[in-house]
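What follows is a single structure, written as structure tokens, with notes after it.
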Amino acid sequence: MNSTAHQKVLILDFGSQYTQLIARRIREMRVYCEIHPFNIGFDKISSFGADGIILSGGPGFVKSEDAPMIDVQVFELGVPVLGICYGMQLMAHLLGGVVGESARREYGYARLELDHGSDLFAGLGEKQDVWMSHGDRIEKEPDGFIRIGRTESSEVAAIERPDKRLYGIQFHPEVAHTPRGTAMLGNFLFKIAGLKGDWTMRSFVESSVKSLRELVGDAHVVCGLSGGVDSSVVAKLLSEAIGDQLTCIFVDNGLLRKGEVEMIMSTYAEHFHMKVVMVNAADLFLGRLKGVVDPQEKRKIIGPAFVEVFMEESRKIAGVKFLAQGTLYPDVIESVSFKGGPSAVIKTHHNLELGDLLDLALIEPLRELFKDEVRAVGEELGLPREIVWRHPFPGPGLAIRVIGEVTRERLEILRGADEIILDELVKAGWHDKVWQAFGVLLSAKSVGVMGDERTYENVLAIRAVTSRDAMTADWAPIPYDVLGLISNRIIGETRGVNRVVLDITSKPPGTIEWE
Ligand code: XMP
């Protein structure tokens, strides 16, 4: 599904670690953009209908044999092009300039001096701090281009050919280390490419609802509801588009947090009047997990059990042609990035491939969005705050937070403690500042005293992390008084826990979950 009606920018990815950031910056300015690998071919580039093209940075060298290339005709499309770092070198190289390997790698801050009052730098002072990260540099710009900026070590740090609307910059405007970088990108979008900046979540909702209606026709759609923000937004969007033709399947695997089942049923079935089939499969999941302690073994049981239950339920619904899933843009980009490029981040979490198994066509209405955009759509659709700002929750649920064997009793202990952690974080205003926060019930036991009695009970760890995307994370600096409250409440109110500890490991080297 594509929002073809919008103005849009095409970002060609040459493998820079910053490519996604370029997209973020552009979308923050309300311009729709998509990232595609540099080698999608000239026909695709020209039929994309871009209103502006950005060539990203990348680790290559334009003169090497295996240098990532594009067709020189890209510069003849009449579409404005901005080349960043490798993208600038490639533009210069293809249009007849000279790019050389410089003896010294330029990395870090540089002072850019602006010449000639280019539109790209309109409204900015004559000197700008910029972030450089490159080995090669342009020795001579192509004919017809002029130099519009230099730094101490690069005479040609920015170039332009205004009559053809071609621009190149050696530094990275998309990173926070280039303080006025967003203004430069904005100049490219609005002053040079003449874009309007009218892509909003409202317009996304309207165009999605319309195209979902056309796509689905009078067929039926199934959607797995997990209670997380992604599947919730998918379900609500579809329900606005096709109403009763949507059936949501919610599998209670017995591994959910406290109150989750009730919350889901009351929100979707009662409040939004959506068709939700709730399957109580706790016995099945917990039965198969009996005696299992290895984390990967747990996953190998839970994933397939979910598929089994989901398939059985969806087969009961007549006329189903589509399966809706909450795939997000970062997953899509990861899978299109060219092999070996730094933006080809490894994602290990399994894709259940339910669509194939059920022989259903996939609908992925969120495949163009980043996580924070999904949240904005959720708000636009009127989903409750608690759902929109919910922390991500893993598919295997509490099974990977009860260390060792998963039993009903241990799940109950963890549920109680976990609820207290979230409750106190909400009250202290910390819930939305962290990416995830939860309890982990350890397999260690500890000695304590309660009243006059010696106790020998469970240890519970508090895990709270800040993160942008879960690929890396830092432990969250929750204030001591909040931690103190959490600890007192857990030990006072949760039977079976007599000691609370705090996990202060970042990722890497740790992972967010303990298992
Ligand atoms: P780790 O523990 O690998 O977690 O740092 C990164 C993110 O992924 C979530 N996670 C999972 N999600 N199935 C999922 O759907 C899994 O098996 C799984 N393991 C970890 C984790 O909660 C964090 O957000």
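The chain is numbered in sequence order, starting from 1. Atoms within a ligand are numbered from 1 in the order they appear, just like the ligands themselves.
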Provide the number and element of each atom of ligand 1 under 4.0 Å from a heavy atom of Gly395. 12 (N), 13 (N), 14 (C), 15 (O)

Flag Ile512 as yes when one of its N or O atoms lies below 3.5 Å from any N or O atom of ligand 1, and as no otherwise. yes

Step through the shown structure and confirm whether more than 12 heavy atoms of other residues, nucleotides or ligands are within 6.0 Å of NZ on Lys210. no

Between the candidates Arg299, Gln436, Glu513, Lys298, which shows the shortest non-hydrogen contact distance to atom 19 (N) of ligand 1? Arg299

Residue Glu409 excluded, over 12 heavy atoms near CD under 6.0 Å: no

Could you label the plane-to-plane angle of the Trp131 and Tyr109 rings as parallel, tilted or perpendicular, counting under 30° as parallel and over 60° as perpendicular? perpendicular

Going by the order shown, which atoms of ligand 1 are within less than 4.0 Å of some heavy atom of Lys507? 1 (P), 3 (O), 5 (O), 6 (C)

Should we count CZ of Arg489 as having more than 12 external heavy atoms under 6.0 Å? yes

